[in-house]
Amino acid sequence: HPLANKRDIHPQDLASETLLIYPVQRQRFDIWRRFLQPAGVTPTLKTVDNTLLLIQMVAARLGIAALPHWAVETFERQGLVVTQTLGEGLW
């Protein structure tokens with residue numbers, strides 16, 4: 001994925017991406033409140049109600065996600081996904 005090797009990821013970099021999220025209100029997501037909304041960026045959103053399925057969709061390049069690092073570190077060690085920080089400590 002083009003963002004995998006990018007040193008600094010800005011909200012505008014996500015504008016053309018599909019953001020995979022849980023089926024809850026946007027305002028509950030740190031990536032929305034602290035990263036995208038202040039910049040006025042709204043990527044395509046796709047809801048997924050299962051963490052394992054969400055990670056598999058990321059691995060299949062069907063979208064990107066913002067998850068706690070502990071939830072994806074095993075998959076990252078296996079080389080299935082790449083994690084990056086966004087803004088002030090968001091993954």
Side-chain angles (χ1 to χ4, degrees):
H1 192 280
L3 297 175
N5 297 317
K6 194 166 169 80
R7 184 171 183 212
D8 294 313
I9 298 175
H10 302 280
Q12 295 76 15
D13 296 327
L14 305 186
S16 63
E17 298 291 334
T18 298
L19 180 62
L20 304 171
I21 62 171
Y22 295 114
V24 297
Q25 297 173 349
R26 286 186 206 172
Q27 290 300 325
R28 294 191 59 197
F29 295 106
D30 288 339
I31 190 172
W32 180 260
R33 285 192 335 268
R34 296 177 43 204
F35 192 70
L36 296 170
Q37 188 177 31
V41 173
T42 305
T44 301
L45 302 175
K46 180 167 181 62
T47 59
V48 182
D49 61 359
N50 177 293
T51 302
L52 184 55
L53 178 58
L54 191 147
I55 293 170
Q56 289 174 334
M57 291 175 72
V58 170
R61 298 184 179 182
L62 297 175
I64 61 171
L67 297 167
H69 192 248
W70 60 263
V72 296
E73 64 186 338
T74 301
F75 301 97
E76 183 179 31
R77 281 195 303 263
Q78 294 175 31
L80 297 173
V81 298
V82 173
T83 60
Q84 296 281 38
T85 54
L86 306 173
E88 299 297 316
L90 297 176
W91 292 86

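These values consider heavy atoms only, across backbone and side chains, with no hydrogens, waters or symmetry-generated copies. Everything numeric here is computed off the predicted structure, so don't read it as measured data. Residues take their numbers from the sequence shown, with the count starting at 1.
Residues Glu76 and His69 come closest through the heavy atom pair OE1-NE2, 3.1 Å.
Residues Pro43 and Leu36 are in side-chain contact: their nearest non-hydrogen atoms beyond the backbone lie under 4.5 Å apart. The shortest side-chain heavy-atom distance between Arg26 and Leu45 falls under the 4.5 Å cut-off. Residues Leu19 and Leu14 fail the side-chain proximity criterion, which asks for heavy atoms closer than 4.5 Å. Residues Ile21 and Val48 have side chains not in contact (no heavy-atom distance under 4.5 Å, counting atoms from C-beta outward). A heavy-atom distance below 4.5 Å is not found between the side chains of Phe35 and Asp30. In this structure, Leu54 and Met57 have side chains that are not in contact, with every pair of non-hydrogen atoms separated by 4.5 Å or more.
Side-chain atoms of His10 never come within 3.5 Å of backbone atoms of Gln12 as a donor-acceptor pair (strictly under, hydrogens ignored). Checking side-chain atoms of Gln84 against main-chain N and O of Lys6 turns up a donor-acceptor pair under 3.5 Å.
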Test side chain to side chain contact (heavy atoms under 4.5 Å, CB included) on Leu3 and Glu17 and set out the steps. CA-CA 10 Å; Leu3 297 175; Glu17 298 291 334; 4.1 Å; yes
Take Thr18 and Leu20 through the side chain to side chain contact (heavy atoms under 4.5 Å, CB included) test and state the conclusion after the steps. CA-CA 6 Å; Thr18 298; Leu20 304 171; 4.2 Å; yes
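Side-chain heavy atoms closer than 4.5 Å link hydrophobic residues (I, L, V, M, F, W, Y) into clusters, and following such links, even through other members, never connects Leu86 to Trp70.
Taking CD1 from Ile64 and CD1 from Ile31, the interatomic distance works out to 6.0 Å, rounded to the nearest 0.5 Å. Taken from OG1 in Thr74 to CZ in Arg77, the straight-line distance is 4.5 Å, to the nearest 0.5 Å.
Applying the side chain to side chain donor-acceptor pair (under 3.5 Å) test to residues at least two apart or on different chains, the pairs with a partner in residues 45-55 are Tyr22-Thr51.
Within a 6.0 Å radius of CD in Gln25, other residues, nucleotides and ligands contribute 12 heavy atoms or fewer.
Tested against Phe75 for a side-chain contact (heavy atoms from CB on, under 4.5 Å), the candidates Leu52, Leu67, Val82, Val58 yield a single pass: Leu52.
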